[in-house]
There are 2 protein chains.
Amino acid sequence: MARFKGQAEYSVDAKGRVAIPAKMRSALNPDAQGTFTLTKGFEKCIYAYPQDQWKIKEDEFSSLNLNNRNARHLVRMILMWAEEVSLDGQGRISLPKSLSDYAGIGEKALIIGAMDRIEIWDQAAFEDYLNEQTIDQESLAEQVMGS
Amino acid sequence: MARFKGQAEYSVDAKGRVAIPAKMRSALNPDAQGTFTLTKGFEKCIYAYPQDQWKIKEDEFSSLNLNNRNARHLVRMILMWAEEVSLDGQGRISLPKSLSDYAGIGEKALIIGAMDRIEIWDQAAFEDYLNEQTIDQESLAEQVMGS
DNA sequence: GGAATTCTCCCCACTTTTCCCCACATAACC
DNA sequence: GGTTATGTGGGGAAAAGTGGGGAGAATTCC
C-alpha cells in the first residue's frame with residue numbers, strides 16, 4: 001500500500017492544473033498507473049485516492065447494506081463527486097471545476113500526504129481549518145492513541 | 001532496535017545540510033538503509049526516526065479508525081510534517097525548509113541521541129529550552145521513574 | 001447540417017531546485 | 001609521522017515545477 005506523507009505548496013495554473021509532488025508520485029503503487037480518483041473530502045478539501053486504493057474503497061461500499069437508507073445516501077454522496085484523473089507528462093492532474101469550487105481552491109494549493117490518500121487544500125481554507133481546531137496535538141495524541 | 005545516545009554540535013551549511021554523527025550512523029539498523037523520516041518534535045526541534053522505526057509508527061496510524069474526526073486530524077498533523085531523507089555520500093541529511101524553520105535552526109545544530117530517534121535542535125533554542133525547565137533533574141527522576 | 005467556438009489533452013520550453021560527486025581540512029588512530 | 005576516517009564546502013548534471021502553444025474532440029449556435 002502506498003503511504004503518502006509530507007506537504008507541499010504548489011501553484012494552480014490558469015488551466016486548473018496542479019502538480020503532484022515528486023515524492024508522492026514515487027510512493028505510488030505501479031498498479032495505480034498514474035491514475036487517481038478524486039472526491040469530496042470530509043473537510044473542505046479534495047481527496048485523491050490512487051486507483052488501487054480506490055478499488056478497495058469501492059469494495060467497502062459494495063459490502064455495505066444498501067437496503068439501509070443511510071448507507072445508500074452515503075454511497076450516493078461519495079460516488080456522485082468521484083472523478084477519475086490521470087497524471088500528464090509533467091506529473092500534474094487537472095482539477096474538475098465542481099471539486100475545486102467545493103474546496104475553494106485558488107491560485108495556491110496545499111498538497112498533503114495522509115496515508116492512503118492525498119489531500120488537496122486551498123491554502124487559506126487550510127489555515128481556517130487549523131484555527132477551528134481547539135484541541136492541542138499533545139492531548140489529541142493521548143486521546144486518540146491511548147496512553 | 002537502534003538506540004541512539006550522545007550529543008554533538010555540527011554546523012549547517014548554506015544548503016541546509018547537517019552531518020549525522022558517525023557514532024549514530026554506526027548504531028543504525030541496516031534495515032533503515034540510511035534513510036530517516038523527519039518530523040516535528042513536541043518541543044521546538046526535529047525528530048529523526050530511522051526508516052525501520054518509522055514503519056512501526058506508521059503501522060500504528062494505519063490501525064486508527066479514520067472515520068473519526070479527531071483521528072483524521074491527528075494523522076494529518078503528524079504526517080504533513082513528515083518527510084523522508086537519506087544520508088548522502090558524506091553522511092549528511094538535508095533539512096527541509098519547513099522543519100528547519102519550525103525548529104529555528106540556524107548555523108549551528110545540536111544533534112542529540114534519544115533512544116529510538118535522533119533529535120535535531122538549534123543550539124540557542126536548546127539553551128532556551130533548558131532554561132525553561134524549572135524542576136531539577138533529581139526530582140524529575142523521582143517523579144517520572146518512581147522511587 | 002455545417003461552421004464557429006470552447007474545452008481538453010498532449011507536447012515543448014524555460015527556470016529553479018535538488019541531488020550527486022569531487023575536493024579539501026581537521027581530527028583520530030595506528 | 002603517516003594513514004585513515006570524519007566533517008565541511010562547493011560545482012555541475014539531472015530532475016522537478018511552471019507556463020504556454022497547438023491539435024483534436026465536443027459543444028453550441030446559426
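So you know, we letter chains A, B, ... as the sequences are listed, proteins then strands, and number each from 1. A quick note: this is a predicted structure, and the numbers were derived from the prediction, not measured.
- Relative orientation of the Phe126(A) and Tyr129(A) rings is tilted, given thresholds of 30° and 60° on the angle between their planes.
- Between Lys97(B) atom NZ and dC19(C) atom C1' the separation is 19 Å, expressed in whole Å.
- The residues Lys23(A) and Glu84(B) are annotated as not salt-bridged, no charged nitrogen and carboxylate oxygen being separated by less than 4.0 angstrom.
- Contacts of residues 86-93 of chain B with DNA chain D (heavy atom under 4.0 Å): Gln90(B), Arg92(B).
- Taking atom CE of Met24(A) as the reference point, atom P of dA15(D) lies 21 Å away to the nearest angstrom.
- Residue Trp54(A) holds its CH2 atom at 13.5 Å from CZ of Phe36(A), rounded to the nearest 0.5 Å.
- More than 12 non-hydrogen atoms from other residues, nucleotides or ligands lie less than 6.0 angstrom from CD of Gln133(B).
- Here the P atom of nucleotide dA15(D) and the NZ atom of Lys23(A) are 16 Å apart, to the nearest Å.
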Check: protein-nucleotides 7-9 of chain C nitrogen or oxygen pairs below 3.5 Å:
{"from": "dC9(C)", "atom 1": "N4", "to": "Lys15(A)", "atom 2": "NZ", "distance (Å)": "3.4"}

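- Atom CG of Leu28(A) is separated from atom CD of Gln33(A) by 11.0 Å, given to the nearest 0.5 angstrom.
- Between atom OG1 of residue Thr35(B) and atom CG of residue Leu87(B) there is a gap of 7.5 Å, rounded to the nearest 0.5 Å.
- The distance from atom NZ of Lys108(B) to atom P of dT8(D) is 6 Å, rounded to the nearest whole Å.
- Remark: C1' of dC19(C) and CD of Glu84(B) are 15 Å apart, rounded to the nearest angstrom.
- The local environment of NZ in Lys55(B) is sparse, with at most 12 non-hydrogen atoms from other residues, nucleotides or ligands closer than 6.0 Å.
- Note: Leu38(B) CG to Leu95(B) CG = 6.5 Å, rounded to the nearest 0.5 Å.
- Between the CD1 atom of Ile111(A) and the P atom of dA16(D) there is a distance of 16 Å, rounded to whole Å.
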